[in-house]
Each structure stands twice: as C-alpha cells, then as structure tokens.
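A short worksheet on the structure shown next.
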Amino acid sequence: MWQSVRTAARLGGVARTLAVPQRSVAMTRPLMMTVRSRTADSSIECDEGWAAVSGEPAGPVMLTEVPGPQSRAYMKEYAEGWGGTGAATAFTADIEQSAGAYLADVDGNVMLDCFGQIGSLPLGYNHPDLLAVAASDAMVSAQVHRLALGLIPPKGWGNLLSKTLGSIAPPGLTKVQTMACGSCANENAMKVAMIVQSQRRRVAEGRGEDEVTQEEAAATMLNKGPGSGWKVLSFEGAFHGRTLASLSCTRSKAIHKLDVAAMDWPCAPFPHLRYPLADHVEENAAISKECIDMTRDVLRANHGEVAAMIIEPIQGEGGDCHGTPEYFRALRQLALDENVIFIVDEVQAGFVASGHTWAHESWDLEVPPDMMSFGKKTQICGYYYTEELQMSLPYRIFNTWMGDPAKLLQLQAVIDVVDRDNLRQRARDTGDAILAGLLDIESRFSDLAMNARGQGTLCAIDFADTVSRDMVVSRLRDSGVLVGGCGDRTLRLRPPLTLTQHHANIFLETLERVIETLR
C-alpha cells in the first residue's frame, strides 16, 4: 500500500505541495463483507471509512479476464442483434452488484472504476442519495411525463433551475440553457455566437438587431443568408462532440471525422507543455506565447468571419493536454481584442473534478468567458452565458425536450452531496495523492512513463508509445482497475468525485505492478 509524505511540485504553473506515496505493510481496520456475483461468491475485506456507499469492497476481485465468457456472450448477442455500436463495447456491466467506486461485470469481476463511465459518473455506483431521489414522487413524475421544456415547462421549473444550475453557475455567467448532450450544448452555443454576431452587424448598419429583408430570409432557405459565412475557431487536439458543427471543431482523432462532411473552419495550435512544469517555466511561457501569436494570425487571416472560438481547459480526447493560466488569460484577452465570442467547453473537465467547481476558475480571468458548456458529471448538459447573449426571438435555440427534468433532479442530489461531503476538497486531496504517486512512478520507470500531470483528479501520464500505453490500460483492467486512454500514448483518469486516497493507493500499486511487467 502507499502512504504519504509531503513534497513540492508545480501544477499548471502554480506551486503546490503534494503527498509523495511510500509503501506501507498492510491496510488497517479491516471489516469483512461478502460480494455476491452471478458466477461466484467471494469474501473480501471492506472498511466503512473508505466507502462512499455501504458495502463497497476494499479492493478489486477478479475471477476471469475482461471481457470474460459471460460478457463475451452478451456482447455477441448485442453486436449480432439490434446493437448499433457493438464494436466499441468493452464488457458487460452488472450494475446491481456494483457499489461506490467499484463496477461489477456479469462474470463476477469487481473493478475499481477510475474512468467513471467516460468521466460522467459523479458519485459512483448505487449512491444512497441518488437512489433516494430515484424513488421520489418528483422523479416518477419527471420520468413518466417528459415535457417539451421550451414550450410547456412544468411548474417550479424556474425554481429548480435556480436551486441547481443557478447555485453552481460560474462567476459572471447569469443565464443557462439546458440540453440533452454535450455535443448539442456546444452546437447550440456556437449558434448563439453566430446569431449574436449577425445581430451586431445589423445594428452597426443602422438596422434593428433582428431586422432582415425578404431577400435575406429567402437566401437563408438556400443556406446563403446572413450568417452563412460564419466560422468557429478551434484548436489542434480538440474534442467538442460529434454533431456537425461540434465535429467540425473536433481535431483529436481521424476516426471521429472520417467520411463525414465538415465545415472548413480555422484551427490554431494548442500549447504542448514540457514537464515537470517547475523545470520548464521559461520554455513553457515561450511555447504559450508562440501559440497565442499564431492564434492571432489565424484570426486576422479570417478577419470578420470568426464568430467564436471554443477551447477545453484540459484537452481530454486529444491527450490530456494542459495550458497554463497565463496562456488562457492571454487567449481570453485576444478574443476580446478581435471581437470573437469566447466559449469554454467544460463538458469533460468541469464540475468539481479539477478541485474547483469549474476548471477555468483556476485561470483567474479578469473578464469571464462569454459562454461555458457543461455535461457528464452534472448529468444534464447545456451552456451558461451572459445576459448580452440572450436570444430576443423565440425558436432561435429550440428543440423538443431542451434538456431533461429527471436529470436536473439527479443534479440537485449530487450538489447536496458535493457540499455536504466537501468533495471539492476531496478532489484536490485525492488528486494530489494520485499525481504524487504518478511522479514517483515516473521517477523510477522513466524509460516507460513520463509527463505526469493533473488538476484535481483529472490526472494523466504518458507512456513511451501507443503499444505500451494500450498494454498498460488492458493489463490494469485485467488486474481490476479501469482507466482510459487518450491521444497517442496517454493514460487518463476520470474517476467519480467520491474517490478517496484509499482508492488512489490501489490504483497506484496496481499501476506499478503492471508497469513492471513491461520490462
């Protein structure tokens, strides 16, 4: 097991004190429990002090490789039946047997889930507060009657928005629009940017902001009307979703875009920092400045055509690439200078996992973003925006459901748990322990592992090549720990907010054993 001593490091250009793990002899305060699966009964140790959910195991239990025989049978049935995405399926879950940070599969394996359903799992599995909400009268009503929120919202909808998304709104953003998924949140945020920029043009011409000619309205139906030439700038390595505009801004992997028409929109470089950050301060400052200068050149080469730029605080799919606060502050100022709407995509990095409610809070911006999209751990998706970007006409931003009240009820319970259990601080403490452990592993396996980095529990480490990374991810899974890969050679973590230092110790010990098998 790992225990902690204190050391200094730098995260995102800011000095931090981290806990460097050291080995101890054994776990303490064991409490026996039984986990029952469909294929076997296993006795494993559990400690209630480690668990966010009663009955959470003290560690993984592995009975087969993953996927095991029953998983493969279900996957075959799915792929050969009505399953639309069977080729991407990793294994088959048994949610009823899952608890806390542990995901069970149909073969009786119980795995520590440090990837959290692609970063979308806020409180782990079968959390009692979420189960209580699921059984409430309000949830039953929301599930039975999914209303067209943009047209006929239920009574209390405004109050529910205020108590949930209003209570966690990023500073400076006073409006929110809910959506069904992260891609459509970004898609509609881009539409807002284009509409507002077109309105500004009309006002500059002496017209009303929504005053259009019959000819312009007719041209719109041929995709040649006002706004048809607008572009959105994104960054190398970005991922913003798979709907058409969002996909046009996605630049992480070719498979995401292959054979699909996309807009010919501009792209700018994202800084690739050198690690450890404390040893490369001047070099990283120069890299960041060069990226800002090149972004300015791209904007000016497309002068008057770029409605918005969109950027992630941490490029998830692109390889968990970080920028410094100084870079993001300079980028925000550049957007102001060039009259470009600034959209921050926090679908993956947002909501508490970074140690802040929103990851961009660590930038210390003087002027907030114009818009910020969210999703995954909030359970409901959408975007925040400033009063200036409020639509003046109906049906500009519209669809049938405009979100989901049931998911907002879930979010209300999640927010309550985050506040009650101080999960922002836990994300910082657990993230520090994970990062310190990764730095220690990197120091001892420098030929295989490098560039450990993280904010809160959004931690990552690179490996020598794609093959090595893929072997580590696969062997971790067969050893009972789920993580994700991204970029060309990066291993990333996206655990639930309830992850503790006990879970971090299990991950780090297992990762070390797996890396040793590569030598």
Side-chain angles (χ1 to χ4, degrees), residues 2 4 16 18-19 27-29 31 33 46-59 95 98-103 112-117 119-136 138-139 160 163-170 346 348-359 361-362 374-380 407-436 454-459 482 493-507:
W2 297 69
S4 299
R16 293 278 297 279
L18 299 181
M27 300 177 185
T28 59
R29 299 189 296 122
L31 174 68
M33 66 161 291
C46 175
D47 187 324
E48 291 176 343
W50 302 329
V53 173
S54 176
E56 177 181 300
I95 297 301
S98 303
Y102 288 87
L103 175 61
L112 176 63
D113 191 354
C114 293
F115 199 46
Q117 303 294 323
S120 68
L121 199 68
L123 303 180
Y125 298 95
N126 289 308
H127 194 284
D129 289 72
L130 287 176
L131 293 178
V133 169
S136 68
M139 181 64 80
L160 184 58
K163 290 194 302 182
T164 53
L165 291 170
S167 72
I168 57 172
E346 293 228 24
Q348 182 168 146
F351 194 58
V352 182
S354 69
H356 299 271
T357 303
W358 304 110
E361 292 175 23
S362 67
F374 59 88
K376 289 190 182 281
K377 281 187 171 67
T378 53
Q379 304 302 281
I380 191 168
K407 300 304 179 186
L408 207 55
L409 292 171
Q410 286 182 303
L411 175 60
Q412 185 174 20
V414 172
I415 292 171
D416 289 344
V417 173
V418 166
D419 293 339
R420 182 193 71 205
D421 296 349
N422 198 14
L423 295 189
R424 292 175 184 83
Q425 185 62 48
R426 183 183 297 185
R428 292 190 286 271
D429 293 342
T430 304
D432 283 354
I434 293 171
L435 182 55
Q455 294 180 29
T457 56
L458 302 173
C459 293
L482 299 175
L493 276 67
R494 293 295 185 269
L497 304 175
T498 50
L499 200 81
T500 67
Q501 293 191 41
H502 165 69
H503 301 122
N505 293 338
I506 292 172
F507 159 69

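Counting heavy atoms from C-beta outward, Pro122 and Val414 have side chains that approach closer than 4.5 Å. At a threshold of 4.5 Å between non-hydrogen side-chain atoms, the residues Phe374 and Gln348 do not count as touching. Side-chain contact between Leu409 and Leu160 is present, with at least one heavy-atom pair separated by less than 4.5 Å. With a 4.5 Å cut-off on side-chain heavy atoms, Asp129 and Arg420 count as touching. In this structure, Leu493 and Thr457 have side chains that are not in contact, with every pair of non-hydrogen atoms separated by 4.5 Å or more. Under the 4.5 Å side-chain criterion, counting only non-hydrogen atoms from C-beta, Leu121 is not in contact with Lys377. Contact annotation: the side chain of Tyr125 approaches that of Ile95 to within less than 4.5 Å [non-hydrogen atoms, C-beta and beyond]. Lys163 places a side-chain heavy atom less than 4.5 Å from the side chain of Gln412.
Not counting sequence neighbours, Phe115 has no partner by the ring pair (Phe, Tyr, Trp, His ring centres under 6.0 Å) test. Residues passing the side-chain contact (heavy atoms from CB on, under 4.5 Å) test with Ala134, sequence neighbours excluded: none. Contacts of Ser120 classified as side-chain contact (heavy atoms from CB on, under 4.5 Å), with partners at least two apart in sequence or in another chain: Gln117, Lys376.
With rounding to the nearest 0.5 Å, the separation of CD1 in Ile168 from CD1 in Ile415 is 4.0 Å. Remark: Asp416 CG to Ser167 OG distance equals 8.5 Å, nearest 0.5 Å. Ser136 OG to Leu131 CG: the interatomic distance, rounded to the nearest 0.5 Å, is 11.5 Å. In this structure, Thr164 OG1 and Leu411 CG are separated by 5.5 Å, a value rounded to the nearest 0.5 Å.
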Checklist entry - Do Leu499 and Ile434 pass the side chain to side chain contact (heavy atoms under 4.5 Å, CB included) test, and can you show the C-alpha distance, the side-chain angles, and the key distance before you say yes or no? => result CA-CA 11 Å; Leu499 200 81; Ile434 293 171; 3.9 Å; yes

Checklist entry - side chain to side chain contact (heavy atoms under 4.5 Å, CB included) between Phe507 and Leu482: does it pass, once the steps are laid out? => result CA-CA 9 Å; Phe507 159 69; Leu482 299 175; over 6 Å; no

Next on the checklist: For a side chain to side chain contact (heavy atoms under 4.5 Å, CB included) check, start with the C-alpha distance between His503 and Leu112, then their side-chain angles and the critical distance, and finish with the verdict.
Outcome noted: CA-CA 8 Å; His503 301 122; Leu112 176 63; 3.7 Å; yes

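A donor atom on one side chain and an acceptor atom on the other are not found under 3.5 Å apart for Glu56 and His502. Checked by atom type, the side-chain pair Gln425/Asp429 shows a donor-acceptor distance below 3.5 Å. Under 3.5 Å, the side chains of Arg426 and Thr500 contain no donor-acceptor pair of N or O atoms.
Shortest non-hydrogen contact noted between Pro57 and Ala99 is CD-O, 4.5 Å. In plain terms, the two heavy atoms of Val352 and Ala427 that are nearest each other are O-CB, 3.4 Å. Across all their heavy atoms, Leu123 and Pro496 have their closest contact at C-CB, 4.2 Å. Taking every heavy atom of both residues into account, Leu458 and Ala349 meet most closely at CD1-O, 3.5 Å. Listed here is the closest heavy atom pair of Phe351 and Leu497: O-CD2, 4.0 Å. The two atoms that bring Asp113 and Gly116 nearest to each other are OD1-N, 2.8 Å, heavy atoms only.
Arg428 contributes no side-chain N or O that, together with a main-chain N or O of Gly456, makes up a donor-acceptor pair within less than 3.5 Å.
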